[in-house]
Structure formats: C-alpha cells, structure tokens
S.K.: 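Structure below; questions to follow.
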Amino acid sequence: VELDLSATSALAARPLRLAEIQRDVLDGETVLLEYFLGERRSFLWRVTRDDLSSFELPPRAEIESAVQELHDLVTAQNRIVEGEPAEARDERLARAAQRLPEVASRLTDLLLAPLAGEPDGRRVAVVADGALHQLPFALLPDPGSDDTPLLAAREVVPGAGHFLQEEVPGPIADAILSVTARAEAN
C-alpha cells in the first residue's frame, strides 16, 4: 500500500502570534504561563488577554533537580525496593510524605513566585519546557498562599502548548518563531 502524503506535506504547524493567543485562545479568566529552560537562565512568560510579562528564572539544572526530586517523592510508594522490610518501607514513605510539601514549596518559589503579587485568572494554562512536562503543577502551592495547592485555588490546564499552534499552508521556514525560540537565540 502506497500513501500519497503530498496534500499533507504542504501543511506545517505554525505557532500562533501573541495577538492571536490573546484574542482567540485566552478569555478574561485565563492566564497562560510559558516556560523556557536555559543553561544559564530560564524564563517565564505570563500572558493574559491584555498583558505580557516576562520573568527571569534560575538555570535549567536547578529547576530540573527540584522537579526530579518532587517526582521521586510523589512516586515513592510505587517504588519497589528489593528485600526492603515493611517497617523500612513505611519509614521511607513517611520521609517522602514529610519532605513533599517542602520540595513543592521550593518549586513554587522557583517557578511561580514571580506571579504572587500580580492578579491572576481563575484558570492557569501551562506551556512547559523540558523536565517541566513531568511536573504536576496542580500539586504546587499557589504563590502567596498558605500552602494551598494550586489545584484547590485554580483550574490548571497542563500541555496548553498544543492549543497554541494551527495548521497553515506554507513551508516551516515561513512560520513565525515563538517567544521561546527568540529567547533561546539571546
């Protein structure tokens, strides 16, 4: 069986422009958070229907380390340690449960703290980068709160990057570079 892909090869995904995102994707109750993890510094862009704010974040290695630690703590109960006695397993899980809020708070400080003083929408749409795709943002404390999980205070939409592209005719080279791509060049 031979497939004719000539009709689909003329289509390329193109990132939406900022104005298109603000006009066509975001409503008045949604804030979009787009992350870029860089070697020396990382960035967060906060986009609402009326505003664009940019924040500098720590380097990728620092963020990835904290994400990995949170992942290990959240999945500790799923980990089987060969020959581990029940008492040792219970202690390991108790330590993980005790450490989880501290690591989640650290990630809020690293990734969400710049937003604490700003008004937010009820819904938070996240465009993750790198290791942040593994991060359950909904578990992180809401910035400026008393450790209330983000999910308890807001609707969290992970993987929002898929909504920010459209199929358009033309070669990929003609596609508009996303904010992330421009930051990587700097």
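These values consider heavy atoms only, across backbone and side chains, with no hydrogens, waters or symmetry-generated copies. In this chain, residues are counted from 1 in sequence order.
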S.K.: Could you tell me whether the side chain of Ser42 and the main chain of Gly38 form a donor-acceptor pair under 3.5 Å?
M.R.: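 Side chain of Ser42 to backbone of Gly38: a pair is present.
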S.K.: Would you say Leu32 and Thr48 make side-chain contact, with heavy atoms under 4.5 Å?
M.R.: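 Of all side-chain heavy-atom pairs linking Thr48 with Leu32, none is under 4.5 Å.
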S.K.: Could you report the tightest heavy-atom contact between Arg99 and Glu102, atom names first, then the distance?
M.R.: NH1-OE2, 2.8 Å
S.K.: Look only at the side chain of Glu20 and the backbone of Arg17, and say whether a donor-acceptor pair between them is shorter than 3.5 Å.
M.R.: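 It does hold such a pair.
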S.K.: Write down the atom of Ala138, the atom of Pro149, and the distance for their closest heavy-atom approach.
M.R.: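 Shortest heavy-atom separation between Ala138 and Pro149 comes out as O-CB, 3.9 Å.
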S.K.: For Glu62 and Pro58, work out which heavy atoms get closest and say how close.
M.R.: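 Taking every non-hydrogen atom into account, OE1-CB, 3.3 Å.
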S.K.: Between atom CG of Leu140 and atom OG1 of Thr108, what is the distance when rounded to the nearest 0.5 Å?
M.R.: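 Between Leu140 CG and Thr108 OG1, I get 4.5 Å after rounding to 0.5 Å.
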S.K.: Over all heavy atoms of both residues, which pair between Pro141 and Ala104 is shortest? Give the atoms and the distance, please.
M.R.: CD-O, 3.4 Å
S.K.: Is it the case that atom CD in Gln98 sees more than 12 heavy atoms from other parts of the structure closer than 6.0 Å?
M.R.: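 Counting other residues, nucleotides and ligands, CD of Gln98 stays at 12 neighbours or fewer.
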S.K.: Between His133 and Ala128, which heavy-atom pair has the shortest distance, and what is it?
M.R.: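 For His133 versus Ala128, the nearest heavy atoms are NE2-O, 3.3 Å.
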S.K.: Side-chain contact, heavy-atom cut-off 4.5 Å: Val81 with Arg92?
M.R.: yes
S.K.: Look up atom OG in Ser65 and atom CG in Leu70, then write down how far apart they are to the nearest 0.5 Å.
M.R.: 11.5 Å
S.K.: Hey, what do you get for CD (Gln68) to CD1 (Ile63), rounding to the nearest 0.5 Å?
M.R.: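 Between atom CD of Gln68 and atom CD1 of Ile63 there are 14.5 Å.
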S.K.: Less than 4.5 Å apart, any side-chain heavy atom of Glu34 and any of Leu44?
M.R.: no
S.K.: Going by side chain to side chain contact (heavy atoms under 4.5 Å, CB included), Val74 matches just one of Leu135, Val103, Leu139. Which one?
M.R.: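 That would be Leu139; it is the only one of Leu135, Val103, Leu139 passing the side chain to side chain contact (heavy atoms under 4.5 Å, CB included) with Val74.
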S.K.: How far apart are the closest heavy atoms of Gly28 and Arg49, and which atoms are they?
M.R.: N-CD, 4.1 Å
S.K.: Strictly under 6.0 Å, is that where the ring centroids of Phe137 and Tyr35 end up?
M.R.: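 For Phe137 and Tyr35, the ring centres are under 6.0 Å apart.
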S.K.: Before you tell me yes or no, could you show the steps for Glu69 and Leu107 under side-chain contact (heavy atoms from CB on, under 4.5 Å), namely the whole-Å CA-CA distance, both residues' side-chain angles and the distance that decides it to 0.1 Å?
M.R.: CA-CA 10 Å; Glu69 186 175 4; Leu107 277 162; over 6 Å; no
S.K.: Can you classify the ring geometry of Phe36 versus Phe43 as parallel (below 30°), tilted (30 to 60°) or perpendicular (above 60°)?
M.R.: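 Parallel: the ring planes of Phe36 and Phe43 meet at under 30°.
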S.K.: Test Asp129 against Arg60 for salt bridge (charged side-chain N to carboxylate O under 4.0 Å, His left out), laying out the working first.
M.R.: CA-CA 10 Å; Asp129 184 33; Arg60 173 194 333 239; 5.3 Å; no
S.K.: Going by heavy atoms in the side chains, are Leu112 and Leu33 under 4.5 Å from each other?
M.R.: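 Of all side-chain heavy-atom pairs linking Leu33 with Leu112, at least one is under 4.5 Å.
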S.K.: Hydrophobic clustering (ILVMFWY, side-chain heavy atoms < 4.5 Å, transitive) - are Leu52 and Leu26 grouped together?
M.R.: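 Yes; tracing contacts between hydrophobic side chains, which count when under 4.5 Å, links both residues.
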S.K.: If you count every heavy atom of other residues, nucleotides or ligands that lies below 6.0 Å from Gln77 atom CD, does the total exceed 12?
M.R.: no
S.K.: Can you tell if the side chain of Val31 reaches within under 4.5 Å of the side chain of Val47, non-hydrogen atoms only?
M.R.: no
S.K.: Would you say Glu64 and Leu132 make side-chain contact, with heavy atoms under 4.5 Å?
M.R.: no
S.K.: Kindly indicate, with the supporting measurements, whether the criterion side-chain hydrogen bond (donor to acceptor under 3.5 Å, both in side chains) is fulfilled by Thr30 and Asp27.
M.R.: CA-CA 6 Å; Thr30 304; Asp27 60 24; 2.7 Å; yes
